[in-house]
Amino acid sequence: MVKVMLVDDEPIEREGLNLILSRNRSNFEVVAEAQNGKEAVERALSFKPDLIFMDIKMPEFDGIEAIRKIIPELPDTKFIMISAFDTFEYAREAMKFGIKEYLLKPSKVIDVLKAFDRMVEEIKNEKKQVTETMQINRRLERVHSLIERDFIVSLIMEHVHEFDQGDWDEWFGLELEHKKGFATVFSFESDNLHPEREEKSCWYRILKQVLHEQSPSCFIGPLTGFQVAVLVLITDHEKRDDEIKQNFVRTILHQAQKQLKGCELYAGIGMNVSNVHHFSTSYKEAVYALELVHSHPSAKYLVYNERLKQRRKDLIPFEIEKELVEAVKKGDIQKGLQMFESYFQSIQQTTDFQVKLVQKAIEDFFIVLTRSMKDLGFDGDIQVGLGQFETTMQMKEVAKSQLIKITEQLGEWRANGMRALLLQAKEYIDHNYQKSISLEEVAEEIGISSYYLSKLFKDRFQVTFMEYLKNARIQKAVELLLDGNKPLKEIALNVGYKDPNYFSTAFKKEIGMSPREYRHKYQQ
């Protein structure tokens with residue numbers, strides 16, 4: 001439907017045009033009319049018509065002046081000029097604005113319709129071209145994103161690619177051979193260990209948007225598991241020390257976190273490399289830094305440096321293996337994948353990247369994992385064979401896939417046999433409500449992750465962990481209030497509240513009256 005505007009200082013002329021179009025065409029709608037140049041500008045900007053029938057001689061200012069004001073704001077709007085004067089000057093002025101249609105009053109019906117049809121065809125063709133251009137641009141954006149991801153993956157895994165350096169340079173419009181940069185690995189962490197694909201895609205889109213806004217000179221890898229690898233390019237004259245890196249990552253985390261829902265964003269940052277082809281080294285450093293972030297309760301990011309480099313050398317695979325097994329036992333896929341990345345890197349370094357030795361080390365790990373699972377009473381089949389693979393990267397992907405499968409199976413097994421553990425958690429609360437206990441403390445006591453304890457506690461008892469703890473304390477307070485004349489301050493301390501005022505507020509919110517009022521009302 002074409003939006004039409006009629007501009008003429010004579011109402012009968014506007015009515016005539018409307019009548020001609022209404023009787024002969026149905027593919028239009030008159031959205032506005034105007035009787036002078038000033039009104040024409042105001043209504044055009046308000047209604048944004050596709051086509052304007054514009055009279056030239058009008059009050060306020062003429063049609064040429066009105067067009068001069070409208071076109072900068074509405075460059076796609078078309079015009080058909082109307083005049084009672086057949087003068088070349090008017091036509092020449094109109095041509096300056098690309099206007100091709102010019103009608104003389106009184107206009108013949110056939111002339112009006114032919115001019116209208118020509119303009120409608122032009123409008124349709126332009127809209128079609130805009131739509132096609134947008135579709136092409138969207139496809140190009142998707143292709144660019146795929147090539148960008150492939151570029152990052154090829155650097156991380158040091159793939160030999162069919163693209164040579166010139167192909168990459170031509171596509172990205174950069175000479176990458178001697179570009180400097182550093183790797184950052186971002187990690188999403190959610191209480192939901194199995195988020196839907198669409199939810200994770202939303203997280204990824206938000207992070208990409210913020211990264212492109214803050215640093216156009218970066219390449220963003222795919223979302224693998226819960227992690228995204230990013231290569232940030234730096235110029236020769238730019239001194240990108242730890243402080244500048246921290247400011248960069250801190251800004252990304254802050255801007256992205258404001259938009260993210262249902263997850264927390266963390267980051268590890270690698271050291272600078274003098275050539276992007278050494279990006280895999282910085283990436284491994286960023287993964288290690290990220291692992292340390294997750295082991296620190298208050299950190300959101302960490303920059304890899306010489307001190308961490310030495311610590312990394314001192315860290316033997318056995319210690320990482322132990323943490324990895326514990327993550328799997330607790331059903332924590334996110335931490336399990338993070339630990340596996342670090343563990344696999346340690347294995348590669350320890351074995352000097354020899355394929356057969358890496359294969360044996362990974363197979364030995366699954367034997368250790370099998371024993372640990374049997375100690376829990378889990379008899380699932382977790383065997384893995386890697387002999388048919390030729391590269392360590394193939395082994396890594398197969399092992400990672402099996403690890404995810406095992407962790408999910410173990411999570412389901414624990415959920416189905418959780419009643420005894422939940423009762424154990426409940427009993428722990430009942431016996432320790434007077435202490436400052438936390439969800440994490442109870443989870444550790446019974447040997448499951450805090451996320452699973454929180455979720456399963458709510459499913460089993462229909463209240464959250466904190467609600468149950470609060471209820472246990474309030475019920476004990478009720479007993480103490482009805483038994484003797486123990487001071488309220490002492491009762492508050494006995495049920496786990498260090499602040500008597502906070503205890504009084506919590507009690508009143510739960511019972512409907514203050515502790516003093518309750519004692520006065522019910523004590524015999």
inquiry  = Could you go through Tyr343 and Glu323, starting from their C-alpha distance and side-chain angles, then the distance that decides it, and tell me whether this counts as side chain to side chain donor-acceptor pair (under 3.5 Å)?
reply    = CA-CA 9 Å; Tyr343 179 68; Glu323 286 192 56; over 6 Å; no
inquiry  = Go through it in stages, so that I can follow the logic: the residues are Val495 and Lys476, the test is side-chain contact (heavy atoms from CB on, under 4.5 Å), and I'd like the CA-CA distance, side-chain angles, deciding distance and then a yes or no.
reply    = CA-CA 7 Å; Val495 297; Lys476 185 60 180 178; 3.9 Å; yes
key: Lys400 vs Glu341, salt bridge (Lys or Arg N to Asp or Glu O under 4.0 Å): CA-CA, chis, key distance, verdict   = CA-CA 9 Å; Lys400 185 190 294 185; Glu341 289 287 341; 3.1 Å; yes
key: Trace of the salt bridge (Lys or Arg N to Asp or Glu O under 4.0 Å) decision for Lys127 with Asp50   = CA-CA 10 Å; Lys127 286 186 175 180; Asp50 300 307; 3.5 Å; yes
request  = In sequence, state the C-alpha distance, the side-chain angles, and the governing distance for Trp203 and Ile206, and then conclude on side-chain contact (heavy atoms from CB on, under 4.5 Å).
outcome  = CA-CA 5 Å; Trp203 298 346; Ile206 289 171; 5.6 Å; no
Step-by-step side-chain contact (heavy atoms from CB on, under 4.5 Å) determination, Phe248 to Leu211 = CA-CA 10 Å; Phe248 166 73; Leu211 281 164; 4.2 Å; yes
ask   = Could you walk me through whether Phe503 and Arg473 pass the side-chain contact (heavy atoms from CB on, under 4.5 Å) check?
value = CA-CA 10 Å; Phe503 162 65; Arg473 287 170 169 169; over 6 Å; no
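Between Thr392 and Gln359, every side-chain heavy-atom pair lies at or beyond the 4.5 Å cut-off. Taking 4.5 Å as the limit, every side-chain heavy atom of Phe340 sits out of range of all side-chain heavy atoms of Gln345. Taking the side chain as every heavy atom from C-beta outward, Gln338 and Gln227 approach each other to under 4.5 Å. Under the 4.5 Å side-chain criterion, counting only non-hydrogen atoms from C-beta, Phe365 is in contact with Val325. When side chains are defined from C-beta on, Val230 counts as touching Val228, because their heavy atoms get closer than 4.5 Å. In this structure, the side chains of Tyr304 and Ser282 stay at 4.5 Å or more apart for every pair of heavy atoms. At a threshold of 4.5 Å between non-hydrogen side-chain atoms, the residues Leu439 and Met466 do not count as touching. Side-chain contact between Ile252 and Leu207 is present, with heavy atoms from C-beta onward closer than 4.5 Å.
Proximity of a side-chain donor or acceptor of Ser346 to a complementary backbone N or O of Ser342 within less than 3.5 Å is detected. The closest donor-acceptor contact from the side chain of Thr505 to the backbone of Asn501 lies under 3.5 Å. For Thr77 (side chain) and Pro49 (main-chain N/O), a donor-acceptor pair under 3.5 Å exists by modelled atom type. Of the possible donor and acceptor atoms, one in the side chain of Gln394 sits under 3.5 Å from a partner among the backbone N and O of Thr391.
Leu290 CG to Glu285 CD: the interatomic distance, rounded to the nearest 0.5 Å, is 13.5 Å. To the nearest 0.5 Å, atom CD of residue Gln214 and atom CG of residue Asn247 are 11.5 Å apart. Separating the OH atom in Tyr283 from the CG atom in Leu231 is a distance of 13.0 Å, to the nearest 0.5 Å. Rounding to the nearest 0.5 angstrom, the gap separating the CD atom in Glu189 from the OH atom in Tyr266 is 5.0 Å. Rounded to the nearest 0.5 angstrom, Ile362 CD1 and Met395 CE are separated by 9.0 Å. Of the inter-residue distances, the one linking Lys405 atom NZ with Ser401 atom OG reads 8.0 Å to the nearest 0.5 angstrom.
What you find for Leu324 and Gly336 is that their closest heavy atoms are CD1-O, 3.3 Å. Closest of all the heavy-atom pairs between Ile406 and Val328 is CG2-CG1, 4.1 Å. Across all their heavy atoms, Gly268 and Ala289 have their closest contact at CA-CB, 4.0 Å. Nearest approach of Gln257 to Leu265, heavy atoms of both residues: OE1-N, 2.9 Å. Annotation for Lys69 and Glu73: closest pair O-CG, 4.1 Å, computed over non-hydrogen atoms. Closest approach of Pro500 to Ala492, counting heavy atoms only: CA-CB, 4.2 Å.
Remark: Arg250 is not positioned above the aromatic ring of Tyr301, lacking an NZ or CZ atom under 6.0 angstrom from the ring centre and at most 45 degrees off the axis. Taking the ring axis of Phe182 as reference, the NZ or CZ atom of Lys245 stays within 45° of it and closer than 6.0 Å to the ring centre.
Residues Phe188 and Phe226 keep their aromatic ring centres 6.0 Å or farther apart.
The one candidate from Tyr433, Tyr497, Phe507 that meets the side chain to side chain contact (heavy atoms under 4.5 Å, CB included) condition with Lys470 is Tyr497. Test His212, Arg205, Glu213 against Gln209 for side chain to side chain contact (heavy atoms under 4.5 Å, CB included) and you get one pass: Glu213.
Side chains of Lys128 and Asn125: a donor-acceptor N/O pair is absent below 3.5 angstrom, by distance only.
The pair Glu264-Lys300 meets the salt-bridge criterion, with a side-chain N (NZ, NE, NH1 or NH2) lying under 4.0 Å from an Asp/Glu carboxylate O.
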